[in-house]
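What you see below is based on every heavy atom in this structure, not just the backbone, and it leaves out hydrogens, waters and symmetry mates. Just so we're on the same page: letters track the sequence lines, and every chain starts at 1.
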Amino acid sequence: MIYDFFYNLTGSALFSGLFVAIMPLLTFILPFALFAVLLERKVAGHIQDRLGPMRVGYHGLLQTVADIIKLIQKEDIIARENDKLLFNIAPVLTFVGSYAAFAVIPFSSIFLGANLDLAIFYIIAVTGLVVVGILMAGWASNNKYSLLGAMRSAAQIVSYEIPTIIVILSIVMITGSMSLMTFSENQTQYFWNWYIFGGPEFNLKKFLLIPFMFVGLIVIYISTLAEVNRTPFDIPEAESELVSGYHTEYSGMKFAIFFLAEYANMFAVSALIATMFFGGYHSPFGYLGNLLNIPWMIPVEQFFWFISKGIFFVFVQMWLRWTLPRLRVDQLMTVSWKYLIPISFVNLLIVGIISLI
Amino acid sequence: MGLLDKEFSEGNIIITTTENLFNWARLSSLWQVSFGLACCAIEMMATSASHYDFDRFGVIPRPSPRQSDVIIVSGTVTLKMALRVKRLYEQMPDPKYVISMGSCSNCGGPYWEHGYHVLKGVDRVIPVDVYVPGCPPRPEALLEGLLKLQEKIRNESLSKS
Amino acid sequence: MSVRTEEMVLNMGPQHPSTHGVLRLELTLEGEIITKVVPHIGYLHRCFEKHCEVMTYPQIIPYTDRMDYLAAMCNELGFVIGVEKLLAIQVPERVEYIRVIMAELQRIASHLVAIGTYGADIGAFTPFLYCFRDREKILNLFEITCGARLLYNYIWIGGLSHDLHPDFIRLTKEFIREFKPNLRELNNLLTYNKIFIDRTANIGILPLETAINYGVTGPMLRASGLRWDLRKDDSYSIYNKFDFEIPIGEGKMGTIGDSWDRYFVRVREMEESIKIIEQAIEQIPDGDVTAGIPKRIKPVVGHIYSRVENPRGELGYFIISDGSATPFRVKVRAPSFVNLQVLDVLCRGHMVADVIAILGSVDIVLGEVDR
Amino acid sequence: MKSFEEISKLLINQFPSINFEIKSDVKFEPYIIVPPNQIDNVCLFLRDNIDLQFDSLVNLSAVDDFNGEKTKDEQGNDIMKGGTLSLYYHLESIKYRHKILLRVLTDRDNPSVLSVTSVWNSANWHEREAFDLFGINFINHPDLRRILMPYDWEFGHPLRKDYQNPEFYQGMKVPY
């Protein structure tokens, strides 16, 4: 959509490609990251009976701006023992891994990077880069804690990709296509058409699907939590054990990029869940734009609904972080291999049978 | 003094506003190394707990020295620990500050006379920006120490060395 | 073909987010499994015993606070009981009651910190702040009586420094009324949390014989199944006037003596302490607390070993007096110093994450370990 | 529950060759003086005997008796020659709830005592501390090295009464 728009605007493929690549970053991810870090500290504060940042700007609103400007001024330490090349590439790779996923996520009907028909496949492939980035960071900082953290995170992300993929498969089976755009299109207007409630057609299959959709939602939510390294699975950067895991040796802007990557990844994953189960950018109760028949307002509303769903899931991830303790590495593996994968396989089987009816 | 410094030494509008912005950013997000030694560390934890909340001033405890700007030396620095404190200070990236909390790290505290293993004041090992008296200082005193440090950062300037 | 693995030595501390202060653990790992743990202590050795040889008896009391800075009242109580035995003086009834109330309040405050940091080590950061919120109320009670929050110099030889604040009793009742629901909230937030149980049950099991052989005392010994508490077995002060039981580990969530048991014994002990405080508040007599304080303290030549049930275990003072105003020698038997030796036995065969869980359940205070 | 006299009688007829010194008239806690080279057999007997069963070493304290002859060196602080260091062993039986205090005397110049770590493991760190702060050498102790002071502290043993502070330690001024 945007690509075609810019293509016939400027005529040069290179410029529009570049612009599409940078647009989501500037317009969405940076402000989202600033907002999400502040949201996390405020949510943490209020859960823990305290106020969170208050003194910086009105009620702490400028807190993350101050953090970013401070991090720019920090000295960028590269220790003599660090493997310079890998040390510098690692944060960029981790950020690219989570940022590239935004190219295919449909923010609203017209606001979409590129309408790949292999969108889901592309997202899963690209988030694999995050693991490479973390491993590089762990190895290059030449510090025992980072090495342990990186090893753990590699094992964790790889073993949690499988349940995610299986649940995504069950959704792909129902919709019949892999492009996120068709996912959103199918789950049209009202909330009972969402996949969580069995999809658009109104027949027996819909009611049979509902329980298995909920099971699929729970499984994918847990496994994406692990993929994003959030508690109760934040073992790679477990504060209390591994000092701060793979980004122990990073300071200044490189650490800021890791921080940014984590929040970008959090939103990418929540957006994916919202698109698959909760009707992407569709509003649950129909559009104001239709009532007042102002055509251009609908995409804006869709953008608003999409962002609010994403932020709701990000909020739940934060909420979990400040209530649950942390799992140990081998318990983490048993949760994935012994519980999540069998459940998602059975779920896949049943959804397959139901979709045959 | 380089050529550039003479040019901007008296600090015109552009320089002062950016300076204030940088100072404001540095002082409003002081990240503290979560590093406690003795009884003052318990008071430091009480300060970052819900009642006296450090987070209101933008201070969050960071586990690794690489990502922190202020080190609050809270407790008695013994000779065996002094070299570790020195190395910890050196590991921190550059605009870094030190708050010496409690009379033990200010001057040896109650152990100044017969403490054969106590370092008589952490400023013998690392430069200190703010001294917070008390044994242990009340959380309000530590907060006041932090405000003093913020005041000091506010008046720092890039051009005039 | 056997894979050649060589052991990795990982240094944890002396600056580490969860070593409860300045303790350095030298772990020898194979992959993630621990083969040997060597604790290195002494980073907070503040020469307490040297100060005791040059200070007079009343001057030593502030230094006893600074040893175990989480249970300052109980440290003072131990030292003062020892010196009172040396001087063979009897303390008025009201002073005994106030001392028991203060010691039990201090036990609750110390256990709250222990449970809070234990939750934070396992990763649940919120219970840590809830425990500190309740502890602030206790510190407020201490502050209105003796002016200080953490280190009080309140229990003097032969009496107390100040009498109770007029509305101390009302505030304590208020605290107890508010604290009971908070304790239940803490229980379902942390104690019966599935992940917490997975991380602590069957981890770091301490069999009873090893516990006795290593001289372990306090909640750790009780968690291993032995009902041994100095307040009952070697009764000092007026603990025999109150009825409270001693909780021991029953291995509800795993085997007896694992980390979960050590944690749960502390939670139950807080409930018992509340019972003692409630009874003590009802029966507290009137009287003057500063009357019995002798002007000149010159005990007769001799030695005495007095011991007290500190939140972490048996705290003993071996005081040798040569008749002058300053003691000839004071040796402190610190419970954390002795309990820490058993860490190596507990951690064998566990993973790095478990060392943190076990260290949290052992609950040591470095001021006391290094003295 | 055995009283002090019964325990000392048991000890005497168990070890006729060792001449114990029974001090029961001392203020507050009577104790038995045991020669340093016999302490581990005595402790083993005390732990393993059926009706004694002292299964926990409560406390092991080293004391500088400072009873040699004092001389003043040039700066006026005193140097001690001769005299004794003594070790107090507080033992307790959890089963029978009775307690005993043993004392061991070694001379101050090169003190050496047999280690009881083989009997109670809790003695390990107590003995290391006595070695670190007093310089008492414990024979066949698993790993006898300093525990509280820095491992490279070569200015003697701090808790002795005639200890002088060093001027500098690794570039840091020690005295105030």
Side-chain angles (χ1 to χ4, degrees), chain C residues 38-47 49-50 52-54 82 85-86 88 208-217 221 226 228 233-234 299-307 314 316-323 328-334 337-342 344-345 369-371, chain D residues 23 25-31 47 53-67 85-95 97 99 101 103 117-126 128-130 132-134 143 145-151 153 158-161 163 165:
Chain C
V38 175
H40 295 266
I41 58 172
Y43 289 97
L44 200 57
H45 176 48
R46 301 192 273 193
C47 344
E49 278 140 16
K50 187 75 170 179
C52 290
E53 283 160 13
V54 287
K85 274 196 198 135
L86 277 180
L208 192 52
E209 303 72 31
T210 349
I212 294 178
N213 197 316
Y214 272 85
V216 161
T217 53
L221 184 62
L226 179 71
W228 175 265
D233 297 316
D234 186 356
V300 74
V301 174
H303 54 266
I304 183 83
Y305 179 73
S306 87
R307 53 189 191 167
E314 173 196 322
Y317 287 91
F318 180 57
I319 309 169
I320 303 176
S321 92
D322 56 358
F328 183 71
R329 166 85 162 105
V330 175
K331 164 77 165 100
V332 176
R333 187 249 190 235
F337 178 76
V338 181
N339 294 349
L340 193 57
Q341 288 181 53
V342 86
D344 184 24
V345 168
V369 169
D370 301 341
R371 282 183 307 282
Chain D
K23 290 263 193 220
D25 55 355
V26 175
K27 238 339 177 225
F28 301 111
E29 274 173 359
Y31 59 86
R47 188 190 65 164
Q53 282 198 351
F54 282 101
D55 44 19
S56 99
L57 167 73
V58 175
N59 189 10
L60 183 147
S61 7
V63 179
D64 177 1
D65 301 337
F66 211 49
N67 43 20
L85 285 176
S86 55
L87 276 161
Y88 289 83
Y89 293 75
H90 286 267
L91 310 178
E92 188 188 18
S93 153
I94 299 223
K95 199 156 170 316
R97 298 240 193 303
K99 297 195 272 273
L101 175 60
R103 180 177 183 182
T117 321
S118 51
V119 179
W120 299 286
N121 285 330
S122 71
N124 186 331
W125 277 18
H126 283 103
R128 273 181 64 188
E129 189 194 347
D132 182 358
L133 300 181
F134 284 87
D143 71 345
R145 47 188 167 80
R146 286 188 180 267
I147 188 166
L148 293 177
M149 297 303 287
Y151 295 120
W153 185 265
L159 264 189
R160 287 197 175 201
K161 301 266 185 196
Y163 170 75
N165 264 325

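- The residue among D:V26, D:D132, D:I147 with the most heavy atom pairs within less than 4.5 Å of chain C is D:I147.
- Interface summary for chain D: among C:T210, C:I304, C:D234, C:L44, the most heavy-atom pairs under 4.5 angstrom belong to C:I304.
- No other option in C:K50, C:H303, C:H40 has as many heavy-atom pairs under 4.5 Å with chain D as C:H303.
- In this structure, the portion of D:P158 lying under 4.5 Å from any heavy atom of chain C is its backbone and not its side chain.
- The greatest number of non-hydrogen atom pairs below 4.5 Å with chain D, out of C:E314, C:E209, C:R307, is found for C:R307.
- Using a 4.5 Å heavy-atom threshold, the side chains of C:N339 and C:L221 count as separate.
- The main-chain N or O of D:I94 is found under 3.5 Å from a side-chain atom of D:D55 such that the two form a donor-acceptor pair.
- Both the backbone and the side chain of C:L86 have a heavy atom closer than 4.5 Å to some heavy atom of chain D.
- Looking at heavy atoms from C-beta onward, C:R371 lies in side-chain contact with D:E129 at the 4.5 angstrom threshold.
- D:R146 does not touch chain C: none of its heavy atoms, backbone or side chain, sits under 4.5 Å away.
- Proximity of a side-chain donor or acceptor of D:H90 to a complementary backbone N or O of C:Y305 within less than 3.5 Å is not detected.
- For chain D, the nearby part of C:E53 is the side chain; its heavy atoms alone come within less than 4.5 Å.
- Listed options C:D322, C:L340, C:V301 were ranked by heavy-atom pairs under 4.5 angstrom with chain D; first place goes to C:L340.
- Under the 4.5 Å side-chain criterion, counting only non-hydrogen atoms from C-beta, D:W120 is not in contact with D:H126.
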For residues 56-67 of chain D, run the donor-acceptor check on the side chains, cut-off 3.5 Å, and write out each pair with its distance to 0.1 Å, sequence neighbours left out.
from: D:D64; atom 1: OD1; to: D:F66; atom 2: N; distance (Å): 3.1
from: D:D64; atom 1: OD1; to: D:R108; atom 2: NE; distance (Å): 2.9
from: D:D64; atom 1: OD2; to: D:R108; atom 2: NH2; distance (Å): 2.9
from: D:D64; atom 1: OD2; to: D:K161; atom 2: N; distance (Å): 2.8
from: D:D65; atom 1: OD1; to: D:S86; atom 2: OG; distance (Å): 3.0
from: D:D65; atom 1: OD2; to: D:T84; atom 2: OG1; distance (Å): 2.7
from: D:D65; atom 1: OD2; to: D:S86; atom 2: OG; distance (Å): 3.3
from: D:D65; atom 1: OD2; to: D:R103; atom 2: NH2; distance (Å): 3.3
from: D:N67; atom 1: OD1; to: D:T84; atom 2: N; distance (Å): 2.8
from: D:N67; atom 1: ND2; to: D:T84; atom 2: OG1; distance (Å): 3.2

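- For C:Y317, the ring-ring contact (aromatic ring centres under 6.0 Å, His included) partners at least two apart in sequence or on another chain are C:F79.
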